[in-house]
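See structure below.
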Number of protein chains: 2
Amino acid sequence: MAASETRQSIVAAADDLFYENGFDHTSFAQVAEVVGISRGNFYYHFKTKDEILDAVIEKRLEDRRTMMSQWSSSQETPRQRVAQFIRILLTNEAKIKTYGCPIGTLFTELSKLDHPGEDSARRLFDLFRIWLKRQFELMGHTRDADDLGMHILARSQGVATLANAYPNEPFLKNEVQQMLAWLEALEASGNT
Amino acid sequence: MAASETRQSIVAAADDLFYENGFDHTSFAQVAEVVGISRGNFYYHFKTKDEILDAVIEKRLEDRRTMMSQWSSSQETPRQRVAQFIRILLTNEAKIKTYGCPIGTLFTELSKLDHPGEDSARRLFDLFRIWLKRQFELMGHTRDADDLGMHILARSQGVATLANAYPNEPFLKNEVQQMLAWLEALEASGNT
DNA sequence: CCTGAAATAGGACAAGTGACCTAAAAAACT
DNA sequence: AGTTTTTTAGGTCACTTGTCCTATTTCAGG
C-alpha cells in the first residue's frame with residue numbers, strides 16, 4: 001500500500017483512540033492493531049509518539065477548518081453561523097456524553113502531562129476563538145467580539161464536561177436552548 | 001510514626017500530585033518520594049492504586065464539605081452563598097490557571113480511562129450540584145433549582161478550562177463578574 | 001524478468017510500572 | 001527488660017511501554 005494511505009489510516013485510528021482513551025493511555029500496539037499493521041511498520045511512518053500527536057492535531061485542525069467553511073457557505077448571517085457552532089453540541093451529543101469534547105479533553109490532558117503538544121492543542125481553541133470573534137464583529141460587536149467568543153466557547157466547554165458526567169439527563173439540550181436564546185437576545189448592532 | 005499520620009501524608013501528597021500531573025501519570029514512586037517513605041512502606045498503607053484514589057476522592061469530598069459549611073456560617077443569604085461558590089474561581093485563580101479545576105479534570109481523566117473511580121469522582125460534582133440546588137430552592141426557585149445549579153456548575157467548569165488554556169488574560173475575572181451579575185439579576189422569588 | 005527502492009513484519013532492548021515478599025527497625029505493652 | 005505488634009525498608013517479579021534494528025516481502029521502473 002502507498003505510504004500516504006497507511007499514514008492516513010494511522011492518524012485516523014490514533015485520532016479516535018486518543019479521543020476515546022486519551023493520548024497517554026493509548027499505546028502504539030493498540031493503534032497498530034486497529035490499523036491492522038505491525039508495530040515495526042508503525043515506526044516506518046512515525047518515529048516518535050509525539051509525531052503522531054502532531055499529525056492528529058493537524059488532522060483535527062483541518063477537519064474543523066472544513067467544517068467551518070461549510071458553515072460559511074450554508075449559513076447566511078454570522079448569527080446563524082454562531083448558532084451552528086452552538087449546535088455542534090447537539091450534532092455530537094452521543095460522543096460528547098461518552099467521551100467529552102475532543103478539543104477540551106485533549107488540551108486538559110496535555111496540560112496536565114506538561115506535554116509540549118499543549119501549545120499545538122491550544123491552537124484548536126484558537127481556531128474557534130478567532131472564528132467566533134470574526135462572527136461577532138460581523139454582527140456589529142466590534143469592541144467585545146473576543147469576549148463574546150470566549151464566553152460562548154467557555155459555555156460550550158462547561159456543557160460538554162457536565163454532559164459527560166451526567167449523560168442521562170436533558171441537561172445538554174436545555175443548555176443549548178439557553179445559549180441560542182442568549183445569542184438571539186444579543187443586539188444586532190454592537191456598542192462601538 | 002503512627003499509621004494514621006503516614007496515611008494522611010500519603011493522601012495529601014497523592015492529592016497534590018493527582019491534581020498537578022494526573023492520576024494515571026502519577027506513580028507510586030513519585031508519591032513515596034514526596035512523602036519521604038519507601039515504596040515498600042507504601043504498600044503497608046495502601047494495597048492498590050485504586051485504594052489511594054478512593055482515599056484522595058474521600059479527602060476532596062471532606063475538604064469541600066467543610067468549605068461549604070464555612071460558607072453557611074459566614075454568609076447570611078443563599079444568594080451570598082452561591083456568590084461565594086462562584087468566587088472560588090478567584091480564590092483558586094492561580095492553581096486553576098495552571099492545573100484546571102481539581103474536580104473537573106479528575107472526572108474527565110477517569111472517564112477517559114474507563115476507570116471504576118469515575119462514579120466516585122462524579123460524587124464530587126453531586127456534592128456541589130445538590131448544595132447549589134438547595135440554595136436556589138431557598139431563593140424561591142423551587143421548580144428549576146436543579147437546572148440553575150447545573151447551569152452555574154457548567155459555567156464554572158467552562159471558565160476553568162479556558163482559563164487553563166489562556167492563563168495570561170483577564171478572561172477569568174470577566175466571566176466571574178458576569179456570573180455574579182447573572183446571579184443578581186435572578187428574581188428573588190421563583191416561578192412556582 | 002530483474003533490480004533497487006519502498007513498505008512491512010517481528011523480534012529485542014532498556015526503562016518504568018503496579019504489585020508482592022521478607023527481613024529489619026521502631027514502638028507499644030506487659 | 002523482654003516480647004509482641006506495628007511500621008518501615010529494599011529487593012524482586014511480571015508486565016507494559018516507547019524505541020530501535022534487521023530481515024523479509026511487495027512493487028514499480030528499466
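Below, each value reflects all heavy atoms present in this structure, side chains not excepted, and no hydrogens, waters or symmetry copies. In what follows, chains are A, B, ... by sequence order, proteins preceding strands, each numbered from 1.
Of the residues in residues 4-38 of chain B, those placing a heavy atom less than 4.0 Å from an atom of DNA chain C are Thr26(B), Ser27(B), Phe28(B), in numerical order. Within a heavy-atom distance below 4.0 Å of DNA chain C, no residue of residues 105-113 of chain A is found.
Aromatic ring orientation, Phe128(B) versus Trp71(B): tilted (interplanar angle from 30° to 60°). Ring geometry for Trp131(B) against Phe85(B) counts as tilted: the plane angle lies between 30° and 60°, on a 0 to 90° scale.
Atom C1' of nucleotide dA9(C) and atom NE2 of His45(A) are separated by 12 Å, given to the nearest angstrom. Atom CG of Leu53(A) is separated from atom C1' of dT19(D) by 17 Å (rounded to the nearest Å). Between Asn41(B) atom CG and dA24(C) atom C1' the separation is 13 Å, expressed in whole Å. The interatomic distance linking Phe46(A) (CZ) with dT8(C) (C1') rounds to 16 Å, in whole Å. With rounding to whole Å, Arg39(A) atom CZ is found 11 Å from dT16(D) atom C1'. The distance from atom CZ of Phe42(A) to atom P of dG10(C) is 16 Å, rounded to the nearest whole Å. Distance Tyr44(A) OH to dC20(D) C1': 16 Å, rounded to the nearest Å.
Looking at Glu58(B) and Arg7(B), no side-chain N of the basic residue comes within less than 4.0 Å of a carboxylate O on the acidic one, giving no salt bridge. One finds no salt bridge joining Glu109(B) and Lys112(B) here, because no Lys/Arg side-chain nitrogen approaches an Asp/Glu carboxylate oxygen to under 4.0 Å. A salt bridge links Arg122(A) and Asp119(A); the closest N-O separation between the charged side-chain nitrogens and carboxylate oxygens is under 4.0 Å.
Partners of Phe23(A) by ring pair (Phe, Tyr, Trp, His ring centres under 6.0 Å), not counting sequence neighbours, listed by chain and number: Phe18(A), His115(A).
Applying the 4.0 Å criterion to OP1 and OP2 of dT19(D), one finds that Tyr43(A) has a side-chain N or O inside that range.
Taking the six-membered ring for Trp, Phe28(A) and Phe46(A) have ring centres at least 6.0 Å apart. Aromatic pair Tyr166(A)/Phe171(A): ring centres not closer than 6.0 Å.
Counting only heavy atoms from C-beta outward, the side chains of His45(A) and Val11(A) never approach each other to under 4.5 Å.
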